[in-house]
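Before any comments, here is the structure.
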Amino acid sequence: MLARVAARLADLAQRFVPDPFVIALGLTAATFALGWSTMPPPATGSGVAVLAAGWFQRFSSTETLAFTTQMALVLVAGSALARARLVRSLLARLADVPRGTAGAAALTALVALLASFLNWGFGLVVGALLAREIGARASAARRPLNYPLVATAGYVGLMVWHGGLSGSAPLKMAEAAPFGLATIPLSETTFSPLNLALGAGLLVFVPWLFARMAAAQGAAPRVWEVQSLVAGDAADAVDAEGTAPRRRALPLLLLLFVLALGALALGGLFAEAGVLRALSLNTVILMLMLGGLALFGSPQRYAAAFVSSVGEAGGILLQFPFYFGILGLLEASGLGVRLSGGTVDAARGLSALGFPLAWSFDMVTWLSAATVNLFVPSGGGQWAVQGPIVVHAAGELQLPAARAVMAFAYGDEWSNMLQPFWALPLLGITGLRARDILGYSLTVMLASGALFALAFALF
């Protein structure tokens, strides 16, 4: 029953939900109209001019450009790492293990979850490649498989990424005074008891759920025509060109020098500030790049893999400045403060019904972040818009800001199962359509909701 409802909703979304960039432009227009209609008259000039200036200030700020570049590099570096020969060889071996849809879906979900805890770009590509390779193995053996369900399992890492090492909100809050707010170390967010317990619970629950969905879909498996993608890559073409041994020596020496330099820099930073405090978007990017260079073992091969991954960052580069522009509109109109007050009022309303205030605020923040994510399909861009509001509301209620950050992170990642934007790379790799997977992903989203609410209550 739930799967049929989810499939119907996914079909409606495919017919009526516009392109994510159109949504970003629509949100800009809606925020402008709402801010202009509710803001008090400015001391000088017109309200339109004030809003336009606030929009442009955030749209073009150095912080906007830096954050946009950081998030694009996280995705590209993670994707390039997933294309390393060692990683692809491991995926091929894993694809030989399962023989039925239940085992294939559970294994793919587990791998995607673990990889996404490390890095969301890495997890997205690894999950998609494993699903594709499992489909190719089944196709070659003419073995029936519910390929869309396995592909959905490869996408499910996007439901845990914001609580992992590449989570943009915790990492951004660990930097110096983000958005003018106090710094929050990762020991209070990513490595908090709440996040570790919830992550462990999802690692068990989600693969089990996929196995159960496979068992309930007896008529769905069929023989799909799928070809392997992990047998070769752009980096392999570099090897095929051939390089004289003497011409390989200098690039290899330079690679070893950069690896040593990067390791020395990271070691000094971790020794000085501690591993948890030193982890940030910048250090994550450096570690991904160093890991990619080490695994590829050649600057030329790594560059080829990196370039082949760049296209996946196009949506980030295009849309992030507009998300920051929305933040400028919220600030210039004062709408952000008023929205914060609404969050506070909603939490107090739940508390008046007998629920604990902290749990009420967690739930309101989680659900509001999940809702906003449907229209702002980017955790980093959404944090730029909603982060200051969430932390301000927590301060007004005298609740820990770190909990507010994680409640936001959970809402953002949870509704990714309904948001098709980040599924685009996976769909390109697996050769499926969004409507093929959204029914299953929505089922996972609805079934896992109770786990998040329970975690808020227990920790």
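Keep in mind the model is a prediction, meaning the values are calculated, not measured. We number each residue from 1, following the sequence as shown.
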Worksheet item: Can you say whether the rings of F322 and W55 are parallel (under 30°), tilted (30 to 60°) or perpendicular (over 60°)?
Response: tilted

Worksheet item: Can you tell which of T365, D362, N195 makes a side-chain hydrogen bond (donor to acceptor under 3.5 Å, both in side chains) with Y410?
Response: N195

Worksheet entry | Donor-acceptor contact below 3.5 Å, side chain R143 vs main chain R99 | yes

Item to complete: Work out which heavy atom in E133 is nearest to a heavy atom in A95; give both atom names and the distance.
Response: CG-CB, 3.5 Å

Worksheet item: Within a strict 4.5 Å, meaning less than it, do heavy atoms of the V22 and L25 side chains meet?
Response: no

Worksheet item: With sequence neighbours left out, what residues match T69 under side-chain hydrogen bond (donor to acceptor under 3.5 Å, both in side chains)?
Response: none

Worksheet item: Got a second to check how far N119's CG is from L124's CG, nearest 0.5 Å?
Response: 10.0 Å

Worksheet entry | Within-4.5 Å side-chain heavy-atom neighbours: T62 and F67 | no

Discussion item. Is there a side-chain contact between L426 and V125 in this structure, where contact means two heavy atoms from C-beta onward sitting under 4.5 Å apart?
Written reply: no

Worksheet item: Counting only N and O atoms by type, is there a donor-acceptor contact under 3.5 Å from the side chain of Y155 to the main-chain atoms of N416?
Response: yes

Worksheet item: With a 4.5 Å heavy-atom cut-off, do N282 and L286 have their side chains touching?
Response: no

Pairs under 3.5 angstrom only: tabulate donor-acceptor contacts from the side chains of residues 447-459 to other protein residues two or more places apart or in another chain.
{"unit_1": "S448", "atom_1": "OG", "unit_2": "W414", "atom_2": "NE1", "d": "3.3"}
{"unit_1": "S448", "atom_1": "OG", "unit_2": "V444", "atom_2": "O", "d": "2.9"}
{"unit_1": "S448", "atom_1": "OG", "unit_2": "M445", "atom_2": "O", "d": "3.2"}

Practice prompt. Classify the angle between the aromatic ring planes of F56 and F59 as parallel (below 30°), tilted (30 to 60°) or perpendicular (above 60°).
Written response: parallel

Worksheet item: If we only count heavy atoms from C-beta on, is the F361 to R403 side-chain gap below 4.5 Å?
Response: no

Discussion item. Can you list everything that forms a side-chain hydrogen bond (donor to acceptor under 3.5 Å, both in side chains) with W366? Sequence neighbours excluded, please.
Written reply: none

Worksheet entry | Any donor-acceptor pair under 3.5 Å from S415 side chain to L418 backbone | no

Worksheet item: Below 4.0 angstrom, N of the basic side chain to O of the carboxylate: do E63 and R58 qualify?
Response: yes

Item to complete: Could you tell me the separation between the CD atom of E188 and the CG atom of L194, rounded to the nearest 0.5 Å?
Response: 12.5 Å

Worksheet item: Does the side-chain contact (heavy atoms from CB on, under 4.5 Å) test come out yes or no for L427 and D436, once each step is laid out?
Response: CA-CA 9 Å; L427 296 174; D436 293 327; over 6 Å; no

Discussion item. I'd like to check T68 versus P321 (side-chain heavy atoms, cut-off strictly below 4.5 Å). Are they in contact?
Written reply: yes

Item to complete: Indicate yes or no: at least one non-hydrogen side-chain atom of F408 is less than 4.5 angstrom from one of V391.
Response: no

Item to complete: Answer whether the closest heavy-atom distance between the side chains of W120 and E413 falls below 4.5 Å.
Response: no

